[in-house]
Structure formats: C-alpha cells, structure tokens
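Take a look at the structure below.
Keep in mind that this is a model prediction, so the values were computed, not measured. So that the names make sense, note that chain A is the first sequence line, chain B the second, and so on, each numbered from 1.
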Protein chains: 2
Amino acid sequence: MAKKNQKLVAEITSMHEDFAKWYTDVVKKAELISYTSVKGCMVIRPYGYAIWENIQRILDKMFKETGHENVNMPMFIPESLLQKEKDHVEGFAPEVAWVTYGGNEKLEERLCVRPTSETLFCEHYADIVHSYRDLPKLYNQWVSVVRWEKTTRPFLRSREFLWQEGHTIHATAEEAIEETERMLHIYADFCENSLAMPVIQGMKTDSDKFAGAISTYCIEALMHDGKALQAGTSHYFGDGFAKAFDITYTDKDNQQQYPHQTSWGVTIRLIGAIIMTHGDDSGLVLPPDVAPIQAVIVPAAQHKPGVLEKARELLQQLETAGIRAKLDDSDNSSGWKFAQYEMKGVPVRVEIGPRDIENGQCVLVPRVGGEKRIVPLDTSLGEAVKMMLQEVRDNMYQKALENREAHTYSCTTLDEITKTLEEKGDGFVKAMWCGDEACEDKVKELTSVGSRCIPDVQEQLSDVCICCGKPAKKMLYWGKAY
Amino acid sequence: MAKKNQKLVAEITSMHEDFAKWYTDVVKKAELISYTSVKGCMVIRPYGYAIWENIQRILDKMFKETGHENVNMPMFIPESLLQKEKDHVEGFAPEVAWVTYGGNEKLEERLCVRPTSETLFCEHYADIVHSYRDLPKLYNQWVSVVRWEKTTRPFLRSREFLWQEGHTIHATAEEAIEETERMLHIYADFCENSLAMPVIQGMKTDSDKFAGAISTYCIEALMHDGKALQAGTSHYFGDGFAKAFDITYTDKDNQQQYPHQTSWGVTIRLIGAIIMTHGDDSGLVLPPDVAPIQAVIVPAAQHKPGVLEKARELLQQLETAGIRAKLDDSDNSSGWKFAQYEMKGVPVRVEIGPRDIENGQCVLVPRVGGEKRIVPLDTSLGEAVKMMLQEVRDNMYQKALENREAHTYSCTTLDEITKTLEEKGDGFVKAMWCGDEACEDKVKELTSVGSRCIPDVQEQLSDVCICCGKPAKKMLYWGKAY
C-alpha cells in the first residue's frame, strides 16, 4: 500500500527542483489535459473541463447580474473586416490562422479564425445601433479563439484557447469607462473570492495596451515561482472602433454621435494560475468554489459490514447539502486513494471506517492548511464540510498573499532590483517610473523584469524614475511574466 | 395604439402566403439572429442565444445524469488524421474549411476546421484507453462545427453551427448499441417534453447513414409546412473507427480487443424546429421550458398610482417561484407590448391595471391554446402561472401532434403518394419498402419524397414494396426534408 502510494507521488517532479516540469507533470497526472497531434492545441479532459465549467458558472452569473447578455458571433472574420481598425489589425494579423479553401474551392477572400472579436461585434453594432434608445448593449460570449503562437504551454499559452469576451457599447465615454472598471472589479472579486488568488488591480502602460485600446486595465497575480501572470484584462476603446466601423447613433437632441466601447476577457489560463498559485509537490490544490469534487469520501476496510452503507449515507448527506461529493468505493487501497485525491486537489477528504462507526464519528481532512477534524455522525456533516471548505479557501488565500508579500520588493535603483532578485528569488518589484517608454525598455534590458501594471494603489517610493532619474510620475509593478 | 400594433404584426409575412419568408421574418423580427458579412455564418442575438442556453442546460443535465462528462477537443483536424477512416473522410472532406496559413507562414500540413470530431476523439481514445478498466468513456462537448454548405438558412443549415457531440467508447458491441439507443431516447424525451414537439424515432436507411457508421438512429419531426426535419441523430460505429485508429484494450482475460464506439448530436437547428412546429402569423411560440421569458407582466395605465408598485410585487412573486419573468414598464403602449411579446413567443402574459387592483385580481393570458384567466391577487401567482405554463406546453404538443397526424398518409402506390400530396399538402408518407437502395432512389425521383426513417413502431400496410412490388421488409416514413 505504502509503495503504491509512494510510486504515484514520485511521478510528480518537485516544484523546487524544476518548476516547469512540476507544472507539466501536474496537468498531465491530474488528467487535466492531453496533447494532440496539432501543436499548441490540447484536449481538455473531464477533470480539467469541470474546473472551467465551474469558473464559467460563477462568472456568467456575475455577468448576468450586472445586466450582460450572452450572444454568439461567427468564428470567421473576413480579411477586409479585420483590417478596418489600423492598430487592431497590426496587433493581430501576424498571429492569425487563415482559412483559404472551402471544400475544394479557393475562397475569394481569406477568412481568419477569430483571435478576438472586436471587429465582428463592431459590424453587428453598426447594424443594430441607431438611436440612444438602442444603448447600451452589454454583450458577452463564451467561445474559443486562435492565435498562432510560436511557443505554447498547457492553459498558459496555446494556439486555441477557451475564453469569454465581453463587448459593450455605450452612449458616453463616462459610461464606457465605468463599465471597463466594473468588469475589472468583477474579475478581481472572482479571483480573490472564488479562486483564493490575490491580485493587483491596475492599468497597463501604453506600450502594453491591447491593440486598438485607449486604456487597458488588468489584474496581475504572482505565481509560486515568482513570475507574474496576467489574469484578466478590461479595455476602454473610446470611439475609435466606432469611427473605423461607422457606428453612429442619434442622441436625444437628434444629433449624430459616435458611441464608446469596451471589451474584457478572462481565459482558461486561470486554471494555470490556480495550479501555480496553490499547487504543491503532492499535486493540485483546488479552490473549493471551482473544485469538481469538493469532498471525497474514502472508506477504510470497506469490505467490513456496514462501512459502505454508512459511506453512502454520508455521500447523500453531502449531496443534499449542495456539496459536490464523491464516494470512492473502488478496490484500490486507502493509501492509493489518499494520494490520488491529494494529487487531484480535492479540498476535503472524509474518512469513515469500522472504528469510526463504533465511535459514532467520521474524520475530515483538509487538503491544505489545517488539522484533521473528528465529526460526530449525529451532527450535520454538510455544515461541518462547508465550514472546512471555507477554512480551506481562507487558508489558501492567506498563504498565497503571504507568498506574494514575501516576494514583493520595493527598489529605487536598477542594481537593487538585480541584487534583490538574485538574493530573494523572482517576484514583483515596485519601483518609480517617469512615464517614458524608453525607460521601460531599458529596465527590462538591464534587469530582466518588465512593467506589469500601474497599480490603483500607489506608493511614493521615491521622487525620481528608477531608470533615468527624472521626476517620477507613477509607481509600477515590474516582473517576469508568463 | 392600434395602429402601432398593426404595423408591427404586418411586418411578418403570413405563413400561408410564403412559408420561407414567414420563417425569415420571424427569426429577424424576433431578434434571434443577424446576418454577417460571412455568408452562411450568423450572429446569434441575446434572445436566440438564451433559447440555446436553456436547451443546453436541460440536455446537459440529462447527459450528466446518465454518466456523461464534458470535454473540449481542438477545433482543428490535420488532413492526415481526417483521412484515417475511409468512409468518414469521403463523407466530410468535400465540405470542410481548410486552414493553410498560420500568421505569415504556410502550414506544412493543412488543418480542417472540425466538421465533426470522431477523428479527434479516436486519437484521444488511442492515447488513454488501454485496459478494460479504462472503459467506458462517456464524453460530450458543446462547440461549433463548420461545413461549407452551398445554400444556407438561419438555424437550419449554416456554415458554422452550434451543437453538442457525444462520443463514447465501450468494451462490447451490446453496450455501445445500448448507449446509441439510450441517447436517441433522451433526445426524443427532450423534444417531446421540453420542446412540445412530437418526434418519430427510428433508423436511417443505409444510404442515409452517417459517414463511417454501422447504423444511424434518428428522430424526425414534421414542420408546419409539411416538410420533415431531422432533429437529432445517434450513431453506432461498431469497431470500425477503433481499427482505423488502432485503439485496443486488454480485457479481463488479458486478450487484446477492439472497443466499440458511438456518437450522437443535436444542433441549434432545434430552434428552427421550434419555430416551424409552433410558430404562427403573430410570430414565435416558445415552449415554456426553453423560453427566455416565461411570463411577461404588462401593466395598464402604469402612470396611475399603485400600478407599477403592484406590477413589481408580482414580478418578485414570479421570480421567487423560479419563473423567468419580465416586467415591461417602458413607455410603449400596452397594445404595442402585447404584439411585441406575442411575436417573441412569450408563453404567458400577466396583465395588471387600476381596475384589476380595485378588483383584487390580475389577468393571465396564454400565448396559444386556451382562454385568459382571472387570478385573485391573494392567491399564489407563481402556482397559477406554472399551471398555465404546463397547459401551454400540453396544448402546443397536442396541436403539433394533431397537425402531424393530419399530414401523415399511408400509401401503397407511387401514384397514390403523388395524388395525396397534391390534394392534402406535404407531409409524412408511410409506405412499405423492400430494402433496396434503388427503390429509395426511384421513389424520390418519381414522387419527390425521400426516405426519412425506418420507424421503431412498424405497421404492415401491405406485403410488397411500394416501388418494385417485391416482398416488403420494412415500413418507412418518407418526406420532403429540410
């Protein structure tokens, strides 16, 4: 039993030995994905897809509660349509997949597989928006998009990836900016509450904005290896797209106006973020809100009379309480099962055996951060598990926050950045900036950390730019990025 | 008020005048879809997409309750992979879209955008199925697929369409056949109960099978114009794909075996089926289970004190009862609102005005089949509306069934088919068949109706084939198809 257990665990490389290999081991051994014969495209297996379904369910509810409606746009964009907004096409054309044949016939115009759908939404808005009465339109879609990346990694960067893309159109700039910020806050709330992942909220610098945007808001998280991950973005477009696509509306005073637009998205890379924020050398650690199995019941000596019956009773109690629960009554050993569900990141394990039944109890074991707990069988198991799920989430958040704080460094010179990262390992660097793109480039060249975002919460670490010494305008977060 | 009302209704062509134009009017005026600049690809607008979300929610629950898990496969299939199963590639290669460039680089191998995903699932199964312990795998995915059709119509035939595709793999032929039939029954239950649409269950003849299948099961429905619509299919593949893709497993006796496979799917054409089964000259008629709005509250004289307050109370009552409800408190006239929600097919209208409040009542009006009903305000509005929703569904089903029965004709000669269709209009023709493909072709050539399915419920209408006079093997349903 112990041997089998050891073997299983041994299959995962230690994260301290080789973080990249640890990551790949986890996504494969936990059966989140499989590779396919198409480079950069993956099979998302049931356990991985169930996490995405939970993410979808929670976010979709948040979107609908704030007045958004789902739609579905075509996956193809004619080349001429993609080219209508100059900055946008420059950003995306080099990395799109082109359809050139339909059956045996060469197409008159190439179609790209959508890398993002601003152009399609704009074409539609030009069709349906005419009067101030038609505004706002608050649309979203859950689809996959394609970007022909050179290097790919499961969840983090793939040629096809699942995401949601919100696209809204408003009468005024104020409304559109308010929407852009609202959606960023929704993303941040979701990441912090449901994924137990602390995020920095802020804006991208101009050099890092979305192609065609006036401003790009973002949330940034710190992974366990000290690298930064962009977890969601929200873009304000002003009326640039409206002008390029000739979208106008008649206002209350019967004047023609250009409306203002936004778009915002999160992708399945959130699963990569979960893995690298919370995972450990035993495998996945899943936030309870999105875990496909929140509690697994593992019976001991299940061949003994009464054990499986009691285990099934507990299962029913948990399901009735609305907990996603599973009973593993397979003939694998308990030790194997322990290791298996640890690797799969199940937040709570419920143990029940002959001695427990004699003592009128079962045992709850949290996947991380906390002690096992003995629960009398005559109290509400559902409530006890729910409480432990909440504790698991809180512990996960706390640990991730402590890790981020331990790896966030305030620096005032470039040398200090280099030395700090060498001594303490990769992380976020907070440093002042003059606002000049040349300084951003130079910092990256000399220290290897690039600008991640201009955080909403500013600190005055110094009066001068860390690079050029001129007056500082903003504090930036810098880091190495996924 | 009456004028505005008339104008709106007048915008829909009468179905008896021009059924095809009536259909197009309905999908556009009810804001289900918009056209795009890509031929055969459409925008599915919020009201249309909400119907699809309801279809998804109900079916997905039925799939999960029968042990199926969702996955996500890539949208691209390399040409060499598509070609592995001979019949399959012959069926699909002529109608796929080909990606030939990624960014500026020509691909070494062309990729087609999936027209269906058997080949991708097979590649994955070859990767993960090794032992009898790995079986069965019961997978499904909700995605869009692409088939480069020449002629297209919204929902019924488009180049890109939304669907679900189930793909399962089993140790034995019996298990796979059982699965094929189980899923057909689930589709039939869903169509009859949730869509109020009666369907014929049966099998396709060999000439009409899915490319690569041993047998194709189907459900067929009769539209209001007397044409047949294939509403769902379920395919049994035997071990043909397993052999082509080299999928084997070790059985309990340590022998290598080929597993047996199925696939099954329904598409967004179900929305087309809903429109053409239930719609009328006032517009859509939506089955309550999938209606985005199940009950709309239309206040009368809403400027008068107390009316809107009471209307909001009613809205809350309905929402608390789990009914998808909407209060239209816009400044449009009541007449306009009546016509608008009739056109949108909302199953129940709730009217509340000053006189109703005085009398302590509100009025429920079903979209079809039934009288308006006065409901005292001190009883449970939720229960009253639920009861009416059930009645609407039952009436819709009954009416559709009667229509189908009135347009189902038993014929024993080809002449009789032609004459009957001329006299009574298009519909299902029941007629005997010898089992020979040549006779199928000849019947179609001479009468314009093609074979739709071999129904599970057989009748012995005659002893001989309607075409060649040889002994009959089966009764077929024949019809003109969408």
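When the candidates B/Phe92, B/Phe121, B/Tyr47, B/Tyr139 are compared by the number of heavy-atom contacts under 4.5 Å with chain A, B/Tyr139 comes out ahead. Contacts with chain A were tallied for B/Arg147, B/Lys64, B/Glu95, B/Lys137; B/Lys64 has the most, counting heavy-atom pairs under 4.5 Å. For the options A/Met73, A/Met75, A/Glu69, heavy-atom pairs under 4.5 Å to chain B are most numerous at A/Met75. Heavy-atom pairs under 4.5 Å with chain B were tallied for A/Ile44, A/Val99, A/Asn72; the largest tally goes to A/Asn72. Between chain A and the residues B/Ser37, B/Cys41, B/Ser158, the most heavy-atom pairs under 4.5 angstrom are made by B/Ser37.
For A/Lys150, the NZ atom counts as loosely surrounded, since its 6.0 Å shell holds 12 or fewer non-hydrogen atoms of other residues, nucleotides or ligands.
Looking at B/Lys106, there are no atoms closer than 4.5 Å to chain A (heavy atoms on both sides), in backbone or side chain. Looking at B/Ile33, there are no atoms closer than 4.5 Å to chain A (heavy atoms on both sides), in backbone or side chain. For a residue to count as touching a neighbouring chain, one of its non-hydrogen atoms must lie under 4.5 Å from one of that chain's; by this rule A/Leu120 does not touch chain B. At a 4.5 Å heavy-atom cutoff, A/Val143 makes no contact with chain B through either its backbone or its side chain. Looking at B/Met42, only its backbone comes within 4.5 Å of chain A, counting heavy atoms on both sides. With a 4.5 angstrom heavy-atom cutoff, A/Val43 touches chain B via backbone and side-chain atoms both. B/Glu105 touches chain A through its side chain: at least one heavy atom from C-beta onward sits under 4.5 Å away, while N, CA, C and O do not.
Across all their heavy atoms, A/Phe76 and B/Ala97 have their closest contact at CZ-CB, 4.4 Å.
Within the structure, every pair that satisfies the salt bridge (Lys or Arg N to Asp or Glu O under 4.0 Å) test and touches residues 107-128 of chain B, not counting sequence neighbours, is listed here: B/Glu79-B/Arg110.
A heavy-atom distance below 4.5 Å is found between the side chains of A/Val38 and B/Pro78. A heavy-atom distance below 4.5 Å is not found between the side chains of B/Trp98 and A/Asn104. In this structure the side chain of A/Ile128 reaches within 4.5 angstrom of the side chain of B/Ser34, judged on heavy atoms.
Within residues 48-59 of chain A, the residues having any heavy atom closer than 4.5 Å to a heavy atom of chain B are A/Tyr49, A/Glu53, listed by residue number.
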